[in-house]
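Okay, structure first, notes after.
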Amino acid sequence: MKINSNITAYLTNNAYMQNEMRLSNSTGRLSSGYKLNTAGDDPANFAIAAKLRSMIKGLDKVKTNTTTGMSVLETAESAIMETQEMVQRMNELAIKGANGTLSSADRQLIQDEVEQLMKEIDRIAETTEFNGMKLLNGTFNDRGYTNQPSVTVMDYSEKTASGKYYIDLQKSGDTYVINNSAETLPPGYENAETLFGTVDPTKLTINTETVNYDDGTSVDFVSIKGLRGTELRMQIDGGMPITDPLELDLTGLGSMRLQVGTEQGEVISASIPRMTTDVMGLAGVDMRTKGGSQKAIDQVGNALEYVNRARSRLGAYENRLEKTDEFLDAYNESVTTSVSRIQDTDMAEEMTEFTSMQVLSQAGISMLAQANEAPQQALQLLQ
């Protein structure tokens with residue numbers, strides 16, 4: 001029996017302190033609802049949970065991006081719907097004007113209405129905006145560039161293969177022809193046949209509309225349709241012949257990029273076409289004569305096809321973003337479930353642990369008291 005070193009008390013106190021620490025941790029887990037309150041609780045799972053929580057916050061912002069993108073596209077489509085109705089009205093007027101029963105005064109009235117409709121189409125294209133950003137003036141369209149200031153790329157279809165092209169474009173009479181350049185292609189460039197699928201004039205559709213302005217200048221609006229849905233629309237300033245092959249850059253610059261993922265590069269590019277009368281091929285429409293009205297039927301028909309295709313494109317983007325939004329909901333749910341499995345407290349299991357530690361802590365206090373009384377028994381030996 002020893003009184004300087006109460007080994008029993010030491011052992012009892014150590015057991016009590018360990019139980020008290022476990023009781024404290026259990027209390028923290030029950031009060032916070034988290035199984036992992038500090039990195040020391042489980043370093044590996046704590047790091048995983050932190051990453052997943054960061055991903056959840058990112059997914060919340062991504063969902064906002066997606067729904068905002070849908071709002072932008074819906075706004076643009078509503079404006080294009082009005083443009084579509086006006087182009088359809090122009091089609092009715094062209095058909096009416098092609099009839100031989102109208103007088104010159106009647107045809108002038110038709111032309112007056114057509115001009116007002118065209119002005120309204122251009123006004124809508126220039127003023128439709130979302131959050132201060134213009135939507136239909138080509139701001140978010142896939143832009144192309146050339147090496148010649150007299151040639152401007154106005155628009156090209158989504159099915160046009162992205163890339164750089166070297167094209168021999170020459171004017172022949174009232175239209176243009178395309179040949180594969182005999183020169184060696186610059187590094188990184190492809191030829192016209194690669195772009196359009198063919199240079200055979202019987203398989204290419206090239207439409208040219210020349211518009212003469214009051215100041216004496218003129219502009220050619222050229223539409224080139226190739227195979228596989230390729231379509232390229234260009235504006236060529238009159239009086240400036242193309243003497244050298246065109247270097248076209250059609251690499252998809254300018255489209256609206258929507259961040260729909262939490263990692264770099266997880267984007268959806270949405271190209272909103274330019275919806276002005278010149279890009280539709282309506283700049284030279286003149287229904288003041290029967291022949292002009294007959295010609296306008298084809299011009300307006302092509303414009304209507306352009307508008308329908310543009311609206312269909314936006315509808316496809318909207319459907320895709322709706323599916324993206326549904327995916328984000330499911331993805332967020334799965335990640336949240338994973339985080340819950342890692343860090344959330346199982347209240348029933350933890351309450352069992354808490355009750356056990358509470359009982360052991362109380363028993364430890366009682367046993368420590370008994371161990372501290374043991375040295376007093378040595379006094380009986382001294383009597």
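Just so you know, residue 1 is the first one in the sequence shown, and it goes up from there. All values below were derived from every heavy atom in this structure, side-chain atoms included, with hydrogens, water molecules and symmetry-related copies excluded.
One finds the OG1 atom of Thr277 at 11.5 Å from the CD atom of Gln299 (value rounded to the nearest 0.5 Å). Distance check: Tyr317 OH to Glu158 CD gives 3.0 Å after rounding to the nearest 0.5 Å. To the nearest 0.5 angstrom, Leu136 atom CG is 6.5 Å from Thr83 atom OG1. The distance from the CG atom of Asn207 to the OG atom of Ser223 is 5.5 Å, given to the nearest 0.5 Å.
Glu318 and Arg320 are not joined by a salt bridge, as no carboxylate oxygen comes within less than 4.0 angstrom of a charged side-chain nitrogen. Under 4.0 Å is where a charged nitrogen must lie from a carboxylate oxygen, and between Lys63 and Asp329 at least one such pair does. Electrostatic pairing of Glu126 and Arg123 does not count as a salt bridge here, judged by no charged N lying under 4.0 Å from a carboxylate O. Under a 4.0 Å N-O distance rule, the pair Lys171/Asp220 qualifies as a salt bridge. Between Glu231 and Lys159, no side-chain nitrogen of the basic residue sits less than 4.0 Å from a carboxylate oxygen of the acidic one, so the salt-bridge criterion is not met. Salt bridge absent: Arg313 and Glu77 never bring a charged side-chain N and a carboxylate O closer than 4.0 Å. The pair Glu305-Lys225 counts as a salt bridge, with a side-chain nitrogen and a carboxylate oxygen less than 4.0 angstrom apart.
Counted within 6.0 Å of CD on Glu333, heavy atoms from surrounding residues, nucleotides or ligands total 12 or fewer; the atom is thus considered open.
Counting all heavy atoms, side chain and backbone alike, Leu195 lies closest to Thr230 at O-OG1, 3.3 Å.
When hydrophobic clusters are built by joining Ile, Leu, Val, Met, Phe, Trp and Tyr residues whose side-chain heavy atoms come closer than 4.5 Å, directly or via intermediates, Ile268 is grouped together with Leu135. Residues Met287 and Leu304 fall within the same hydrophobic cluster, defined by Ile, Leu, Val, Met, Phe, Trp and Tyr side chains chained together at heavy-atom separations under 4.5 Å. By the rule that hydrophobic residues join a cluster once side-chain heavy atoms approach within less than 4.5 Å of another member, Tyr166 and Val177 end up as members of separate clusters.
Inspection of the Asn99 and Thr101 side chains reveals an N or O donor paired with an N or O acceptor under 3.5 Å. With no hydrogens or angles considered, a side-chain donor-acceptor pair links Ser103 and Asp106 at under 3.5 Å.
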